[in-house]
Amino acid sequence: MKDYRKILEENNQGSLLRFIDKLDESKKENLIKQVEEIDFEQVNKLYETSNIEIDKAIKGVIIEHVPFVDKYKMEESKYNHLEELGSNVIKEGKYAVVTMAGGQGTRLGHKGPKGSFLLNVKPKEKYLFQIIAENLEKENEKHEIVLPWYIMTSTENNKKTVEFFEEHNFFGYPKENVYFFNQGNLPLLSEEGKLLIDENYNIKLASDGNGSIYKSMKKEGILDDMKKRGIEWIFIGAVDNALLNMCDPILLGLTIDEGNEIGSKSVVKANPHERVGVFCKKDSRPAVIEYTELPESMAEETDEDGELLFGESHIMCNLYSLKAIEKIAGQNLPYHSAYKKASYIDENGNLVEATEPNSYKYEAFIFDGFNYFDNISILRGRREEDFAPIKNKEGVDSPETAIKLYNDYWKL
Ligand code: UTP
């Protein structure tokens, strides 16, 4: 057994040691076990990067425009060719869909997994998971197949998610083709870099961002399962887009046709300053630059046709070859820190409720995986067909805006 006292002292976590010393045996044992599982080298490194300012993060990086193809501005013959190419792969059973549902949905503030949020669409309200299930069922009918559907949950919401599906009989989706897997966790750290303890006397952990998906698919045996089934192409999308098109044969056809291993659907920014990440090349490699990182002058820059040079929004509608996911899974994606509110138990056992941000959360971003490829196929779709995000309680990207987009798209 490793000496937990030594580990904590060496890693500047003396306060946790004092806390542990005051606990009864069973709580003590539980916490020690958790301490022993923590990779302190990683935690210390994360803490060091917590305060890196944005301009430092992109300093010296060359940011360039990345080309895209407009789905509705290509020759009909090309469109038909891509459609056939993509449809064939789907029909041959070489295509699978993954839904990322491990987020905390803090902005929306819904209790429970975000996929269990009820959207008041016409003619009858639907849960977000239900919308996805129904769309996949339509694809199954169209292509005469059953798409394997993998759902990434967090350790925090896994049980509730599985129960939710069971309660609703998987919304009619063939149950034996739905698989749940967990993403990873990382500890939250206080401003001083200390581990935090929650109300149940556990080290406070949080899901480590949607970029965790690549390693999690490998670790949880999802990639092996896909291989066994002969899956070659994998779509990964978010749980919170009511118009997410998970099976666009044009995106798949384009990616294959361009000889790429990754592809992504974009929609053009609503205005130069919309708060979305956009596609670009960073040091010659495909990337997404966050709106907070994109200098104002670049956000407004246009080409000779008046199109924004950095106008293709990343809408979490991503496509990968199986090999591409394996490749990214073997890399260590960078973690980004966010300064957030977290309640915790202090050294004296009292609950401290946070009213202001007081801790760092670390997340890997799915789009950082693009960086390991020379090129990406980007297909510009249409907002009214592809993008109805549910992020905020009200206002922009809220249930209200998503309901309107959904009803308009389905002509309800
Ligand atoms: P967001 O980054 O918008 O996060 O997730 P969120 O959890 O939905 O909402 P906020 O930021 O807390 O308000 C985009 C997609 O990535 C998934 C989400 O479930 C959503 O589908 N995600 C996010 C994960 O699967 N795991 C994570 O750790 C974070």
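Count residues from 1 along the sequence. Every number for a ligand or one of its atoms is a count from 1 in the order of the listing. Quick caveat: nothing in here was measured; it's all calculated off a predicted structure.
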Considering only protein heavy atoms, which is closest to [atom], and at what distance to one decimal place?
atom: atom 6 (P) of ligand 1; value: G105 N, 3.6 Å
atom: atom 4 (O) of ligand 1; value: R107 NH2, 4.1 Å
atom: atom 10 (P) of ligand 1; value: T106 OG1, 3.3 Å
atom: atom 26 (N) of ligand 1; value: Q183 OE1, 2.6 Å
atom: atom 25 (O) of ligand 1; value: G102 N, 2.8 Å
atom: atom 16 (O) of ligand 1; value: N210 ND2, 3.2 Å
atom: atom 8 (O) of ligand 1; value: K114 NZ, 2.9 Å
atom: atom 20 (C) of ligand 1; value: M100 O, 3.8 Å

Which residue is it: W149, Y173, Y179? I am looking for the one with a ring-ring contact (aromatic ring centres under 6.0 Å, His included) to F165.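 For F165, the ring-ring contact (aromatic ring centres under 6.0 Å, His included) check succeeds only for W149.
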
Where's the contact between A238 and ligand 1, heavy-atom distance under 4.0 Å: side chain, backbone, both or neither?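 Both parts.
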
Given the rule in the ring pair (Phe, Tyr, Trp, His ring centres under 6.0 Å) test, do F129 and F117 qualify, once you have shown the distances and angles that lead to the verdict? CA-CA 8 Å; F129 278 135; F117 183 78; over 10 Å; no

From CA spacing to verdict: side-chain contact (heavy atoms from CB on, under 4.5 Å), I203, V35: CA-CA 8 Å; I203 289 177; V35 166; 3.9 Å; yes

Which atom pair, heavy atoms only, marks the closest approach of [X] to [Y]?
X: L188; Y: A206; value: CD2-CB, 3.9 Å
X: V146; Y: N177; value: CG1-ND2, 3.4 Å
X: N407; Y: K122; value: OD1-N, 3.0 Å

Aromatic ring centroids of Y291 and H273 under 6.0 Å?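 No - the distance between ring centres of Y291 and H273 does not fall below the 6.0 Å cut-off.
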
I want to know whether Y360 and Y339 have ring centres closer than 6.0 Å.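 Close enough - the centres of the two rings lie under 6.0 Å apart.
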
So, regarding M152 and ligand 1 (criterion: nitrogen or oxygen to nitrogen or oxygen, under 3.5 Å), is there a contact or not?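 The answer is no, given that M152 and ligand 1 share no N or O pair closer than 3.5 Å.
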
side-chain contact (heavy atoms from CB on, under 4.5 Å) for L254 and L85? Distances and angles first, verdict last. CA-CA 8 Å; L254 180 73; L85 209 55; over 6 Å; no

Look at atom 14 (C) of ligand 1 and find which of E156, Q104, K393, K391 reaches it with the closest heavy atom.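 Looking at heavy atoms only, the winner is K391.
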
Which is closest to atom 19 (O) of ligand 1 by heavy-atom distance: A364, G103, G109?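 Looking at heavy atoms only, the winner is G103.
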
Would you mind listing which atoms of ligand 1 come within a distance below 4.0 Å of any non-hydrogen atom of M316?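 Atoms satisfying the 4.0 Å criterion: 14 (C), 15 (C).
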
